[in-house]
Protein chains: 2
Amino acid sequence: MILSKTTEYALNVLSFMATRNKEMYPAEFLYKELKIPRQYLRRLLTDLSKKGFITSIRGRNGGFVFSRDLSSINFAQVIEAMEGQEAMKTCLLGFTACIIDHPCVMHDLWTEARSKMIETLTNTSLADLKNKYEMDKDTIAQLNNSLIH
Amino acid sequence: MILSKTTEYALNVLSFMATRNKEMYPAEFLYKELKIPRQYLRRLLTDLSKKGFITSIRGRNGGFVFSRDLSSINFAQVIEAMEGQEAMKTCLLGFTACIIDHPCVMHDLWTEARSKMIETLTNTSLADLKNKYEMDKDTIAQLNNSLIH
DNA sequence: TTAAATTACTACAAAATGGTAGCATTTACA
DNA sequence: TGTAAATGCTACCATTTTGTAGTAATTTAA
């Protein structure tokens, strides 16, 4: 029910980057925006680039950019990359070992709810997130507009 | 996505106790059945009794018994008791802080999948678990039976 | 009334996770 | 070509979670 803080950070970073229209995100900028501990964030960014979500560009004017299309990155992938493959494959609640003498009763019980959740995480890409974000912005702008007129 | 090991242990213990028809479960018996580290299990049992799910009976022939009806204990309650009230109330993925300048986009995204999950956890009591367990046993028995005849 | 079987408590050890500091390396640009 | 702005790496520290050991207290039954 609870992702590790690191995974939470990763999702925050990536969704922040996905919804802003910048070319380049230096660690220091993300640090100021997201308030994730500076050095820990740096490590996380390096990690995310090793995992292929973003690319690091060293040197002056460097930073991090997405290394693939936003539509090709979904939330399940990110969680899996951070928490290990097991996380998404085993029971949502983390039951790895069934009670020995019978098929794990718990497993069945929420198989449906579980697969729904995984489905949502798999079907939602960073591109979807971005679209939703822009739509929300538009809606708010229109609301303001209509209030003024 | 991942409950703490301790919460996992708690669910294992309680569901084991719920599906067996014993009056009393001494720690040592549960230890042998469930292979949860002995001393850690003892602490967990004391903790579960302080939290009102089970009652401890000290002294010879002592052990642990459910302190209320199985139908009054659901999985959400157990998880909440172990992980803290926040766990079930905040976003399923643990997002506590929304990005400052706009309502957290992520929150909306899987609100539905999330509430489905919580619904299932809330609607499933230890009594339901037990019923399912007995039904499964019957089904298997009948299958064996029909294979013999 | 004493021994055995049990839980309660306390203190500590080990492992995992989260966080910090500092220096090395790379790159752009004045 | 040197300096500033950036990431990479390594080693360490702090905190939280998980696991262990031993002793005290409680209860039953021989």
Side-chain angles (χ1 to χ4, degrees), chain A residues 1-13 17 22-67 79 81-84 86-87 94 96-97, chain B residues 1-13 17 22-67 79 81-84 86-87 94 96-97:
Chain A
M1 198 62 80
I2 289 162
L3 291 175
S4 71
K5 234 175 185 179
T6 307
T7 303
E8 214 176 300
Y9 288 160
L11 290 168
N12 266 275
V13 168
M17 287 175 64
K22 292 213 163 209
E23 296 162 27
M24 182 74 68
Y25 296 87
E28 198 58 21
F29 172 72
L30 293 170
Y31 164 69
K32 281 180 185 137
E33 294 286 339
L34 299 175
K35 308 283 188 283
I36 297 166
R38 190 188 256 114
Q39 291 300 89
Y40 201 64
L41 172 62
R42 301 262 306 264
R43 280 215 315 223
L44 173 60
L45 289 166
T46 302
D47 193 33
L48 285 173
S49 75
K50 282 186 177 153
K51 283 174 173 150
F53 297 113
I54 54 183
T55 300
S56 71
I57 291 162
R58 299 179 72 166
R60 192 166 180 162
N61 299 338
F64 297 87
V65 289
F66 278 106
S67 42
I79 293 173
M82 301 303 298
E83 301 272 342
E86 299 306 300
T96 46
Chain B
M1 200 61 81
I2 290 162
L3 292 174
S4 73
K5 235 174 184 179
T6 307
T7 303
E8 212 177 301
Y9 288 160
L11 291 168
N12 266 275
V13 167
M17 286 174 65
K22 292 214 160 207
E23 296 162 27
M24 182 73 69
Y25 297 87
E28 198 58 20
F29 172 71
L30 292 170
Y31 164 70
K32 280 179 186 137
E33 293 286 340
L34 299 176
K35 307 282 189 284
I36 296 166
R38 192 189 254 113
Q39 291 301 89
Y40 200 64
L41 171 63
R42 303 265 304 262
R43 280 216 313 228
L44 173 61
L45 289 165
T46 301
D47 192 33
L48 286 172
S49 76
K50 283 186 178 153
K51 283 175 172 149
F53 296 112
I54 55 183
T55 300
S56 72
I57 292 162
R58 299 179 72 166
R60 193 165 179 164
N61 298 339
F64 297 87
V65 289
F66 278 106
S67 42
I79 293 173
M82 300 303 298
E83 302 271 341
E86 299 307 301
T96 47

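Chain A is the first sequence line, chain B the second, and so forth, proteins listed ahead of strands; every chain is numbered from 1. Being a predicted model, the structure only gives us computed values, none of them experimental.
Counting to the nearest Å, the P atom of D:dA4 and the CZ atom of A:Arg58 are 19 Å from each other. Rounded to whole Å, atom C1' of C:dT27 lies 14 Å from atom CZ of A:Phe64. Look at CD1 on B:Ile57: it is 11 Å from P on D:dT27, rounded to the nearest Å. A straight line from OH of B:Tyr31 to P of C:dA5 spans 17 Å, rounded to a whole angstrom. Computed from coordinates, the B:Leu30 CG to C:dT7 C1' distance equals 13 Å when rounded to whole Å. To the nearest angstrom, P of D:dA6 lies 12 Å from CZ of A:Arg38.
Nearest nucleotide to the side chain of A:Ser4, out of C:dG18, D:dG8, D:dA5: C:dG18.
One N or O on the side chain of B:Ser67 and one on the backbone of B:Phe53 form a donor-acceptor pair closer than 3.5 Å. Of the possible polar contacts, one joining the A:Glu83 side chain to the A:Ser4 backbone as a donor-acceptor pair under 3.5 Å is found. Under the 3.5 Å distance criterion, the side-chain polar atoms of A:Thr7 are left unmatched by any main-chain donor or acceptor of A:Ile79.
By the 4.5 Å heavy-atom criterion applied to side chains, A:Gln39 and A:Arg43 are not counted as neighbours. For the pair B:Leu30 and B:Ile36, the minimum side-chain heavy-atom distance is 4.5 Å or more. With a 4.5 Å cut-off on side-chain heavy atoms, B:Thr46 and B:Lys50 count as touching. Using a 4.5 Å cut-off on side-chain heavy atoms (C-beta onward), B:Asp47 and B:Met82 make contact.
With the nearest nucleotide of DNA chain C identified for both A:Pro37 and A:Gly59, A:Pro37 has the one nearer the 5' end.
For A:Lys5, a side-chain nitrogen or oxygen approaches OP1 or OP2 of C:dG19 to under 4.0 Å. At the phosphate of D:dG19, OP1 or OP2 sits under 4.0 Å from a side-chain N or O atom of B:Tyr9. Residue B:Asn61 places at least one side-chain N or O closer than 4.0 Å to OP1 or OP2 of D:dA29.
Side-chain atoms of A:Arg60 stay outside donor-acceptor range of the base of D:dA6, with no qualifying N/O pair under 3.5 Å.
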One pair to check against side chain to side chain contact (heavy atoms under 4.5 Å, CB included): B:Leu34 and B:Leu41. What are the steps and the verdict? CA-CA 10 Å; B:Leu34 299 176; B:Leu41 171 63; 5.6 Å; no

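Contacts of residues 22-29 of chain B with DNA chain D (heavy atom under 4.0 Å): none. Within a heavy-atom distance below 4.0 Å of DNA chain D, the residues of residues 39-56 of chain B found are B:Gln39, B:Tyr40, B:Arg43.
Using a 4.0 Å heavy-atom criterion, one finds that B:Gly62 contacts the sugar-phosphate atoms exclusively.
Because its NZ or CZ atom is both nearer than 6.0 Å to the ring centre of B:Phe29 and within 45° of the ring axis, B:Lys22 counts as a cation-pi partner of that residue.
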